[in-house]
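One structure is given here, and the rest of the page talks about it.
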Amino acid sequence: MATRLDQALVVDTALRLLNETGLDGLTLRRIAKELDVQAPALYWHFKNKQALLDAMATAMMRRMVAEADTLAAGPSASWQQWITDACRTLRGTLLDYRDGAKVFSGSRFTDTTHAGPLEKYLRFFRESGFTVAQGVNAYTTAYHFTIGFVIEEQGMRPGPDGRRGNFDLAEREAWLAPDHPLAAEAGWELFGNYEERFELGLRAIVAGLEHTLRSP
């Protein structure tokens with residue numbers, strides 16, 4: 001019996017294959033083969049790969065919103081805690097997919113799932129003394145840090161687990177050490193300790209937001 005195609009099935013299949021192929025290897029032809037259909041059949045649902053990526057990012061957002069509703073700080077929490085929790089949830093979701101941050105970055109959502117959390121965050125910021133513009137700048141500063149951090153992190157650890165196979169930190173250190181000893185030593189920090197460095201960077205950003213955005 002032929003597979004009955006719909007957008008949800010194609011998106012679910014694409015997200016599953018993403019962990020196997022990475023973004024560059026994820027093609028409509030590859031997805032069609034997995035679904036045992038001809039590639040042109042997918043164009044009834046997605047006019048091109050970017051349209052599919054938009055739908056994949058939207059599916060990731062739906063999952064993120066569900067997790068945020070479960071894990072979010074309570075109504076009495078500070079805006080600092082709210083924004084920290086949001087960025088942790090964002091990073092955790094993106095890391096569950098190979099090249100998840102690249103898929104998410106620059107995509108246009110295909111429904112309004114994202115609008116509810118944004119409305120909630122902006123209302124919370126306004127109640128904390130920010131203007132809407134200040135709330136937007138506070139959230140997007142932390143959001144962009146998270147996206148950029150995960151893109152770099154996944155460049156070194158492309159799958160949900162493990163390090164890129166062709167990158168050896170000891171080899172890098174030996175290569176650089178004779179002429180650039182500090183750069184050589186820095187590799188262990190630059191390309192490791194991602195959890196600690198993400199938390200440190202996030203704290204630094206959140207700590208500076210109120211002073212920067214509320215300064216005259």
Side-chain angles (χ1 to χ4, degrees), residues 1-72 85-119 139-140 142-168 191 194-195 198:
M1 182 176 180
T3 301
R4 181 175 178 82
L5 284 182
D6 58 32
Q7 287 195 359
L9 177 60
V10 177
V11 169
D12 288 345
T13 301
L15 286 171
R16 177 167 51 80
L17 286 176
L18 184 65
N19 282 343
E20 299 178 16
T21 68
L23 182 56
D24 290 341
L26 185 68
T27 64
L28 292 177
R29 184 179 300 277
R30 177 69 180 85
I31 296 167
K33 180 180 179 181
E34 184 73 12
L35 290 169
D36 195 25
V37 299
Q38 296 298 312
L42 300 184
Y43 288 98
W44 285 100
H45 302 284
F46 301 100
K47 63 181 180 180
N48 52 38
K49 184 176 179 179
Q50 185 56 58
L52 173 60
L53 294 178
D54 291 344
M56 292 166 65
T58 302
M60 293 163 67
M61 171 58 77
R62 293 193 199 104
R63 175 187 160 187
M64 198 179 310
V65 169
E67 291 183 2
D69 287 344
T70 301
L71 302 174
D85 284 359
C87 289
R88 285 172 177 162
T89 300
L90 172 61
R91 175 173 176 260
T93 300
L94 298 180
L95 286 176
D96 280 341
Y97 302 96
R98 181 175 176 179
D99 292 331
K102 288 183 178 180
V103 172
F104 205 77
S105 177
S107 295
R108 296 186 176 184
F109 299 124
T110 60
D111 64 22
T112 61
T113 300
H114 66 287
L118 180 59
E119 181 77 16
Y139 179 74
T140 56
Y143 172 89
H144 291 153
F145 161 74
T146 304
I147 293 288
F149 187 96
V150 177
I151 286 176
E152 292 297 323
E153 182 176 4
Q154 291 185 316
M156 295 307 304
R157 302 193 299 181
D161 300 300
R163 178 182 297 279
R164 197 171 72 189
N166 63 349
F167 193 83
D168 187 304
F191 306 111
Y194 289 102
E195 191 72 32
F198 174 75

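Hydrogens, waters and symmetry mates are skipped; everything else that's a heavy atom, side chains included, is used.
Nearest heavy atoms, P117 versus T113: CD-O, 3.1 Å. When all heavy atoms are compared, the tightest approach of L26 to K49 is O-NZ, 2.7 Å. The heavy-atom pair separating A32 from Q38 by the smallest distance is CB-C, 3.9 Å. Nearest heavy-atom pair across A86 and Y139 is CB-CE1, 4.3 Å. The minimum heavy-atom distance between A57 and S107, with the atom names listed, is CB-CB, 3.6 Å.
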Exercise. With side chain to side chain contact (heavy atoms under 4.5 Å, CB included) as the test, would you mind laying out the steps for L42 and L35 before giving the verdict?
Key: CA-CA 10 Å; L42 300 184; L35 290 169; 4.2 Å; yes
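By the 4.5 Å heavy-atom criterion applied to side chains, L53 and L23 are counted as neighbours. When side chains are defined from C-beta on, E153 does not count as touching F198, because their heavy atoms never get closer than 4.5 Å. For the pair Q7 and F46, the minimum side-chain heavy-atom distance is below 4.5 Å. Between M61 and D111, every side-chain heavy-atom pair lies at or beyond the 4.5 Å cut-off.
Using a cutoff of 4.0 Å between basic side-chain nitrogens and carboxylate oxygens, E20 and R30 are scored as salt-bridged.
Just one residue in the list L90, V65, V11, L15 forms a side-chain contact (heavy atoms from CB on, under 4.5 Å) with M60, and that residue is L15.
In this structure, CG in L9 is found 8.5 Å from NE2 in H45, a value given to the nearest 0.5 Å. To the nearest 0.5 angstrom, L18 atom CG is 9.0 Å from Y97 atom OH.
Judged as a side-chain hydrogen bond (donor to acceptor under 3.5 Å, both in side chains), and not counting sequence neighbours, the contacts of Q50 are D54. Not counting sequence neighbours, the partners of R16 by the salt bridge (charged side-chain N to carboxylate O under 4.0 Å, His left out) test are E34.
Ring pair F149/F145: centre-to-centre distance below 6.0 Å.
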